[in-house]
Undergrad: 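I have a structure here, written as structure tokens, and I will follow up with some questions on it.
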2 protein chains.
Amino acid sequence: MTSTIVRSEEALFARTAHLFASATEVACAADDLNTWASSRPRPRPQLHGDKRVRKMYRPGVLLDPTSAAHLRELDRVGVDVRISPDEINETIILDRRLVILAGELVGGSREFSVFDSPDVVRSVSTLFEAAWRVASPLAAYEVRFAELRALAPKLLDVLASGCKDETAARRLDLGVRTYRRRVAELMAALGATSRFQAGVRARELGLV
Amino acid sequence: MTSTIVRSEEALFARTAHLFASATEVACAADDLNTWASSRPRPRPQLHGDKRVRKMYRPGVLLDPTSAAHLRELDRVGVDVRISPDEINETIILDRRLVILAGELVGGSREFSVFDSPDVVRSVSTLFEAAWRVASPLAAYEVRFAELRALAPKLLDVLASGCKDETAARRLDLGVRTYRRRVAELMAALGATSRFQAGVRARELGLV
DNA sequence: CGCCGATCGGCAACTTCCTGCCACACTGGG
DNA sequence: CCCAGTGTGGCAGGAAGTTGCCGATCGGCG
């Protein structure tokens with residue numbers, strides 16, 4: 001095979017579980033932690049010395065305390081965790097030999113495309129590496145993020161109250177310019193490109 | 001007593017349950033159905049002939065199928081249900097003699113202010129009546145709302161996708177003006193004054 | 001047929017939001 | 001002290017969203 005479409009998360013799991021177990025190099029990118037992998041009761045990832053696991057997420061996951069804790073735990077056991085400023089479709093690369101790309105969520109389940117063609121793997125890998133390079137290691141990102149995390153709840157409060165920036169900024173005792181900067185940062189963190197979308201995401205993460 | 005603060009929903013229930021049972025005129029306004037009254041396993045409201053119950057909600061409740069069904073059921077058994085275009089703090093008036101006003105939700109539970117002072121009751125009642133007058137009967141509202149309910153899912157999809165109105169309108173094969181009209185209607189239905197807030201509400205109602 | 005009411009979509013004026021630019025203040029090294 | 005780095009907030013210009021208005025279109029209905 002060179003390209004296979006797997007029609008459900010179950011099928012993907014059945015087909016690739018053994019590969020995950022034996023792989024020595026796993027690279028993984030996702031917007032959040034709600035992936036097929038995290039939804040199953042998987043054994044705690046025990047990394048033996050010669051296994052390298054890299055995971056890349058969007059800043060938004062850090063806004064959810066549970067997810068953030070999970071990421072820190074991964075980091076602690078040796079997984080290389082980075083935060084990407086860019087949106088990334090869910091992507092998994094195994095041992096530089098197999099690529100899994102998630103499709104759109106349709107009707108509650110997703111399709112996955114699985115490739116083992118070297119060309120595909122190579123090009124996807126280069127893209128992944130490029131994204132990986134510009135992403136920040138978790139630890140570095142966390143310090144940069146501490147302040148935003150502190151402000152976010154208040155920010156979300158005023159945003160969710162539906163008042164306009166003028167009012168919101170005054171309520172937070174900020175300049176309008178600074179308030180909007182914060183909103184922009186927050187939206188970037190949520191990976192949202194409109195305030196409506198930001199509202200949805202924020203609610204999804206249980207932040208409001 | 002003339003004014004009493006009740007510190008929890010339980011306390012309010014204990015104190016007023018018998019009044020609800022014996023009242024011949026109940027007027028009630030709320031933004032949604034998540035009120036203390038609906039959260040308990042209350043007996044089906046059996047309306048004897050001389051009991052008049054009026055309930056007023058925001059349009060948003062109609063977007064949630066369960067709530068909408070509940071409202072229709074109330075309507076069927078003789079409760080006067082109306083939909084108010086204005087936001088209303090939760091208010092209950094019993095027999096023109098007792099007023100209950102809900103406070104802010106703080107830390108998961110709410111305080112309620114209970115008044116039996118005739119003055120308070122009178123002024124609150126007039127406000128209620130004013131709001132009641134401009135509110136639409138459920139049946140009338142529902143027909144006006146049928147189309148929006150049909151369009152809403154698609155609308156919410158494109159909104160949640162984060163694209164701009166231009167793009168969204170084209171994707172829905174609508175004029176930009178009409179698209180925005182729809183968004184405005186939807187926001188009114190959700191009782192939201194900003195798109196961020198609309199996003200949050202939409203997500204709260206499980207519409208996205 | 002013409003009239004009526006309702007909806008649609010373009011136009012335009014207005015508000016709100018977004019962002020680059022810059023000056024200012026603060027902070028922590030050299 | 002100076003200086004670079006960082007955060008703040010005003011300003012401006014542009015992008016996006018909001019709204020009133022009006023003409024066009026479409027189905028009843030007398």
Side-chain angles (χ1 to χ4, degrees), chain A residues 59-60 83 85-87 136 139-152 154-202 208, chain B residues 59 85-87 136 139-152 154-202 208:
Chain A
I83 304 298
D86 305 307
E87 193 134 7
S136 331
Y141 201 88
E142 289 232 273
V143 300
R144 263 207 303 128
F145 226 65
E147 286 180 45
L148 177 57
R149 296 234 327 269
L151 186 53
K154 275 175 259 171
L155 207 55
L156 291 160
D157 275 353
V158 291
L159 276 169
S161 81
C163 63
K164 52 194 75 162
D165 291 9
E166 191 76 24
T167 315
R170 226 172 316 117
R171 203 181 300 178
L172 260 53
D173 201 34
L174 286 178
V176 179
R177 182 70 189 85
T178 306
Y179 171 76
R180 289 179 173 151
R181 240 193 290 265
R182 289 286 156 74
V183 174
E185 289 165 5
L186 177 67
M187 282 175 52
L190 292 169
T193 57
S194 76
R195 289 200 179 187
F196 183 93
Q197 195 179 28
V200 173
R201 299 263 168 99
V208 287
Chain B
D86 305 308
E87 194 133 7
S136 331
Y141 201 87
E142 289 232 270
V143 301
R144 264 205 305 126
F145 225 66
E147 287 181 46
L148 178 57
R149 296 239 321 274
L151 187 54
K154 275 175 258 170
L155 206 55
L156 291 160
D157 274 353
V158 291
L159 275 169
S161 81
C163 63
K164 53 194 74 161
D165 291 10
E166 190 77 24
T167 315
R170 229 172 314 117
R171 202 180 300 178
L172 260 54
D173 201 32
L174 286 177
V176 180
R177 182 68 188 86
T178 306
Y179 171 76
R180 287 179 172 154
R181 238 194 290 265
R182 290 287 153 73
V183 174
E185 289 164 4
L186 177 67
M187 281 175 50
L190 292 168
T193 56
S194 76
R195 290 201 177 187
F196 183 93
Q197 196 179 27
V200 172
R201 298 264 168 99
V208 287

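Numbers restart at 1 for each chain; the letters A, B, ... are given by sequence-line order, proteins then strands.
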Undergrad: In whole angstrom, give the distance that lies between atom CZ of B:Arg182 and atom P of D:dG17.
TA: 18 Å
Undergrad: Once you round it to whole Å, what is the distance between P of C:dC18 and CD of A:Glu185?
TA: 13 Å
Undergrad: Between A:Leu159 and B:Ser194, what is the shortest heavy-atom contact and its length?
TA: O-OG, 3.9 Å
Undergrad: Which heavy atom of A:Met187 sits nearest to which heavy atom of A:Ala198, and what is that distance?
TA: CG-CB, 3.8 Å
Undergrad: Taking only side-chain N and O atoms of B:Arg180, does any of them lie within less than 4.0 angstrom of OP1 or OP2 on D:dA16?
TA: no
Undergrad: Got a list of side-chain donor-acceptor pairs under 3.5 Å for residues 163-178 of chain A, not counting sequence neighbours?
TA:
residue	atom	partner	partner atom	Å
A:Asp165	OD1	A:Arg195	NH1	2.9
A:Asp165	OD2	A:Arg180	NE	2.9
A:Asp165	OD2	A:Arg195	NH2	3.0

Undergrad: Give the rounded distance in Å between these two atoms: CG of B:Leu172 and P of C:dT7.
TA: 18 Å
Undergrad: A:Gln197 CD to D:dG17 P: how many Å, rounded?
TA: 12 Å
Undergrad: Please list, in numerical order, the residues of residues 160-168 of chain A that have a heavy atom closer than 4.0 Å to any atom of DNA chain C.
TA: A:Lys164, A:Asp165
Undergrad: Do any N or O atoms of the protein come closer than 3.5 Å to N or O atoms of nucleotides 9-11 of chain C, and which pairs are they?
TA:
residue	atom	partner	partner atom	Å
C:dG9	OP2	B:Gly175	N	3.3
C:dG9	OP2	B:Thr178	OG1	2.7
C:dG9	N7	B:Arg181	NH2	2.4
C:dG9	O6	B:Arg181	NH2	3.2
C:dG10	O6	B:Arg177	NE	3.4

Undergrad: Please find the pair of heavy atoms, one from A:Phe196 and one from B:Ala202, that lie closest to each other, and give the distance.
TA: CZ-CB, 4.2 Å
Undergrad: What is the distance, rounded to the nearest whole Å, between atom CZ of B:Arg170 and atom P of D:dA16?
TA: 12 Å
Undergrad: Whole angstroms only, please: what is the CE-P distance between A:Met187 and C:dT16?
TA: 18 Å
Undergrad: At their closest point, which heavy atom of A:Leu186 faces which heavy atom of A:Ala152, and how far apart are they?
TA: CD1-CB, 4.4 Å
